[in-house]
Peer 1: 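Provided herewith is a single structure, encoded as structure tokens, for subsequent inquiry.
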Amino acid sequence: MPQLIAVPTSATPFSKPKIHLPIEASKQTCQIYPYAHLLNRSTSSDHLNQIHAQMLVSGLHQDDLLITKLITSIIVTGEPELASLVFNQVECPNGFLWTSMIRCYSRYGPFKEAIVFYARMRCQSFRPNNFNFPFALKTCGVLKALSEGKQIHTDVMKLGFVSDVFVQTALLDMYVKCRRLKTAKQVFDSMKTKSVVSWTAIVAGYCRHGLLKQAQELFHDMPAKNIITWNAMIDGLARFGDLGTARWYFNSMPQINRVSRTIMIGGYSRAGDVANARLLFDRMTEKEVVEWTAMISCYVENGEPGEAIKLFREMLAADVKVDEITMLALISAAAQFGSSHLCVWIENHISEGGFGSDIRILNALINLYVQCGSIEKAFDSFEKIPNKDVISYNSMITGYATHGDADGTLSLFSMMIGANVQPNSITFVGVLTVCAHRGLVDKGRRYFRLMLDLGYIKPKVEHYACMVDLLGRAGHLEEAHNLILNMPIRPEPSTWGALLGACRIHGNLGMAEVVARKLFEMEPENPGNYAILTNMYSEKRMWDAAIKVRTAMKEMRVFKTPGISIAVEDVGPCC
DNA sequence: ATAGGGTTAG
């Protein structure tokens, strides 16, 4: 995470905020205050603008109480930009105002602005209060902005909030969200008084990162649990493979709610138990958008897009309000279904629901068109996105790559660089895949080199697999072999498998023997590797060697699985 | 300040 902004940590001097209220303005106060009752949730932003204009004219824009009310009203309309506009005209904002602005951005985004506001507050040497920290820290967690979080941590210590349970809990949660479990635990251990929330935050942190042992230990040690603690625990268990225990906890917890059931639906879904997920779903009386979406996703996750789409229709019939996450699940289902006649229907829902400006939806749409085979339409949707992010570019690059379009892939990569969007490891999977597919050896080498030179991308096995495939197919077996031997991460059987395949293509028996030996060690139970080597011996009429491999196979009790042809199910029309 | 559903690759 690049540093968003330098948060000044100088803690002195603290100037008390002063309100410079013009005398004339204070005289007019009673005339203007009647406007205050207009500032409620339903006030439109035009109306707020009018009120603000009047305040400016009357010189009341420095009136602490009124401005606070105005900004609060703007914030509930969810328009942070307008709120900042008003805020920026306040000479000496009070603590409540600073908190409001930070909280506003931490809720509606852009999240970065919340930290910017925190930094601005510190630049003005305003002393944060215990309400400022949690919202600023929460935002650091959302953005995974560890370095900013640490700077706020310094402020917390300098300014004497080490014994504030709220602040400390927010701090430990920030470390949890930034994947710093050890630091989170240190903060937790240092707390003299801990609330249920503090305990739950650390338990949930361990759960989220799959450290179930630590989580369970604390779970059993904690003096009191609430339903959130239980839910965090069953989610951890269900998420990381111990569905049985999760189920046991689920059945023995003092009370359950909608969240508990949704967690279990997710657990069953990941275990492939669609029937039990549906059973739980059907038994729920109060189903809202999250529950419906969980069940729809369950079908998507388990390869039943038809059922997912059917359930979505039921959801509409049940008059449940669809949100952007339901739409993402639905688009996923349609993409899996792969039929282009769903696309128009989907696009209608997107515009009806007002999701047309949500970049996540638009990105999913690119993938939908790619999966339906209309790469041109995918590009149309891609082009229409005003501020394309990495995922937009990746979706399109991957789309071209899976269609084997090297020109499309590589020109889009250049476009991405030109637009100053940083490629990530997924981008390079796409680029290298297409190079391997199209036999573009030199280009592949160059892009691979570029990826390493960029420095911020940790090469993964997938990248090496692409390169081995690319070099191997082109006959550069030695180079491919050396790449595997020198790669900084553990090669997977499939990495060696790619090389073995290349040896077969080029009839290089010597290297095939070396590679096969490696594979026999790694996955002695996989019959495919023996088969390739046996076939290579047979092709060279080396019958003795072939028989030797077969015998070894028998001794290892490896049997070649007979070929199975799976009938393609006719799903029929779905709508 | 703590819990549930989602988009890009493989």
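The shown structure was predicted, so the numbers you read here are calculated from the model rather than taken from an experiment. Note: hydrogens, waters and symmetry copies are ignored here, and every other heavy atom, side chains too, is used. Just so it is clear: chains get the letters A, B, ... in the order the sequence lines come, proteins before strands, and each one is counted from 1.
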Peer 1: Identify which nucleotide among B:dG5, B:dT2, B:dA9 has an atom closest to any side-chain atom of A:K138, counting heavy atoms from C-beta outward.
Peer 2: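 Selected nucleotide (nearest to the side chain): B:dT2.
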
Peer 1: Would you mind reading off the distance between A:F188 atom CZ and B:dT2 atom C1', rounded to a whole angstrom?
Peer 2: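 These atoms are roughly 12 Å apart.
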
Peer 1: Are the aromatic ring centres of A:F382 and A:Y393 under 6.0 angstrom apart?
Peer 2: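 Centroid distance A:F382-A:Y393: below 6.0 Å, so yes.
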
Peer 1: If the cut-off is 4.0 Å, is A:T398 near the phosphate of B:dT8, judged by side-chain N/O to OP1 or OP2?
Peer 2: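 Answer no for this pair, as no side-chain N or O of A:T398 is under 4.0 Å from OP1 or OP2.
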
Peer 1: If you go through the side-chain atoms of A:E291, does one of them form a donor-acceptor pair with the base of B:dG4 closer than 3.5 Å?
Peer 2: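 Answer is yes: a donor-acceptor pair is held.
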
Peer 1: Could you check whether A:F448 and A:F428 have their ring centres less than 6.0 Å apart?
Peer 2: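 No, too far apart.
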
Peer 1: Are A:W230 and A:F219 close enough that their ring centers fall under 6.0 Å?
Peer 2: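 Centroid distance A:W230-A:F219: below 6.0 Å, so yes.
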
Peer 1: Over how many whole Å does the gap from A:L365 atom CG to B:dT7 atom P extend?
Peer 2: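 Those two atoms, CG and P, are 14 Å apart.
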
Peer 1: Test for a donor-acceptor pair under 3.5 Å between the base of B:dT2 and the side chain of A:T200, counting only N and O atoms.
Peer 2: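 Per atom types, the contact qualifies.
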
Peer 1: Determine whether a donor-acceptor pair (one donor, one acceptor, N or O, separation below 3.5 Å) exists between the side chain of A:D323 and the base of B:dG5.
Peer 2: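 Flag set: donor-acceptor pair detected.
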
Peer 1: With heavy atoms under 4.0 Å as the rule, sort A:S392 into base, sugar-phosphate or nothing.
Peer 2: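 Touches nothing.
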
Peer 1: May I ask you to check whether over 12 heavy atoms, not counting those of A:H437, lie within 6.0 Å of atom NE2?
Peer 2: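 It does not: A:H437 NE2 has 12 such atoms or fewer within range.
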
Peer 1: For A:Y393, which contact category applies under a 4.0 Å heavy-atom criterion: base, sugar-phosphate, or nothing?
Peer 2: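 Contact class for A:Y393: none.
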
Peer 1: If I take atom CE in residue A:M315 and atom C1' in nucleotide B:dG5, what distance separates them, rounded to the nearest angstrom?
Peer 2: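 Going from A:M315 (CE) to B:dG5 (C1'), I get 10 Å.
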
Peer 1: Rounded to whole Å, how long is the line connecting atom CD of A:Q336 with atom P of B:dA9?
Peer 2: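 Those two atoms, CD and P, are 12 Å apart.
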
Peer 1: Round to the nearest Å and state the distance from A:D173 atom CG to B:dT2 atom C1'.
Peer 2: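 Distance check: A:D173 CG to B:dT2 C1' gives 7 Å.
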
Peer 1: Donor-acceptor pairs under 3.5 Å, side chain of residues 297-307 of chain A to any protein atom, not counting sequence neighbours: which ones?
Peer 2:
unit_1	atom_1	unit_2	atom_2	d
A:S297	OG	A:T293	O	2.8
A:Y299	OH	A:R278	NH1	3.0
A:E301	OE1	A:S269	OG	2.7
A:N302	ND2	A:S269	O	3.2
A:N302	ND2	A:C298	O	2.9

Peer 1: Measure from the side chain of A:R258, starting at C-beta and using heavy atoms only, and say which of B:dA1, B:dG4, B:dA9 lies closest.
Peer 2: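 The answer is B:dG4, which lies nearest to the side chain.
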
Peer 1: Is it true that the NZ or CZ of A:R103 lies under 6.0 Å from the centre of A:F135's six-membered ring and within 45 degrees of the ring axis?
Peer 2: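 That pair qualifies as a cation-pi contact.
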
Peer 1: Please determine, for the side chain of A:N394, which listed nucleotide (B:dT7, B:dT8, B:dA3) has the closest atom?
Peer 2: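 Nucleotide nearest to A:N394's side chain: B:dT8.
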
Peer 1: Between B:dA1, B:dG5, B:dG6, which nucleotide gets closest to the side-chain atoms of A:T169?
Peer 2: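 Out of B:dA1, B:dG5, B:dG6, the nucleotide with an atom closest to A:T169's side chain is B:dA1.
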
Peer 1: Can the positive tip of A:R258 be found less than 6.0 Å from the middle of the six-membered ring of A:W292, inside 45° of the ring normal?
Peer 2: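 No - A:R258 does not lie over the ring of A:W292 by the 6.0 Å and 45° rule.
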
Peer 1: Which nucleotide in the list B:dG10, B:dA3, B:dG6 gets nearest to the side chain of A:A204?
Peer 2: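 Selected nucleotide (nearest to the side chain): B:dA3.
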
Peer 1: Name the closest nucleotide to the A:K460 side chain, picking from B:dT2, B:dG4, B:dA9.
Peer 2: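 Looking only at side-chain atoms, A:K460 lies closest to B:dA9.
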
Peer 1: Should A:K225 be listed as having a side-chain N or O under 4.0 Å from OP1 or OP2 of B:dA3?
Peer 2: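 Answer no for this pair, as no side-chain N or O of A:K225 is under 4.0 Å from OP1 or OP2.
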
Peer 1: For the side chain of A:A201, counting heavy atoms from C-beta on, which of B:dG4, B:dT2, B:dG10 is nearest?
Peer 2: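 Closest nucleotide among those given: B:dT2.
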
Peer 1: Write down the distance between CE (A:M284) and P (B:dG5), rounded to a whole number of angstrom.
Peer 2: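 Atom CE in A:M284 sits about 13 Å away from atom P in B:dG5.
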
Peer 1: Tell me: CD of A:Q371 to C1' of B:dT8, nearest whole Å?
Peer 2: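 Rounding to the nearest Å, CD of A:Q371 and C1' of B:dT8 are 11 Å apart.
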
Peer 1: Check whether any side-chain N or O of A:N367 sits under 4.0 Å from OP1 or OP2 of B:dT8, and answer yes or no.
Peer 2: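 It does, given that an N or O in the side chain of A:N367 lies less than 4.0 Å from OP1 or OP2 of B:dT8.
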
Peer 1: Give a yes/no answer on whether the side chain of A:R270 brings an N or O atom under 4.0 Å of OP1 or OP2 in B:dG4.
Peer 2: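 Checking B:dG4 against A:R270, no side-chain N or O comes under 4.0 Å of OP1 or OP2.
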
Peer 1: Could you tell me how far apart A:H209 (NE2) and B:dA3 (C1') are, to the nearest whole angstrom?
Peer 2: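 Those two atoms, NE2 and C1', are 15 Å apart.
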
Peer 1: Would you say A:R261 reaches B:dA3's phosphate, i.e. side-chain N/O to OP1/OP2 under 4.0 Å?
Peer 2: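 No, A:R261 has no side-chain N/O under 4.0 Å of OP1/OP2 on B:dA3.
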
Peer 1: Tell me what A:V289 touches on the nucleic acid: a base, only sugar-phosphate, or nothing, going by heavy atoms under 4.0 Å.
Peer 2: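 Contact class for A:V289: base.
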
Peer 1: Give A:S195 one of three labels, base, sugar-phosphate or nothing, depending on what nucleic acid heavy atoms sit under 4.0 Å from its own.
Peer 2: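 Contact class for A:S195: base.
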
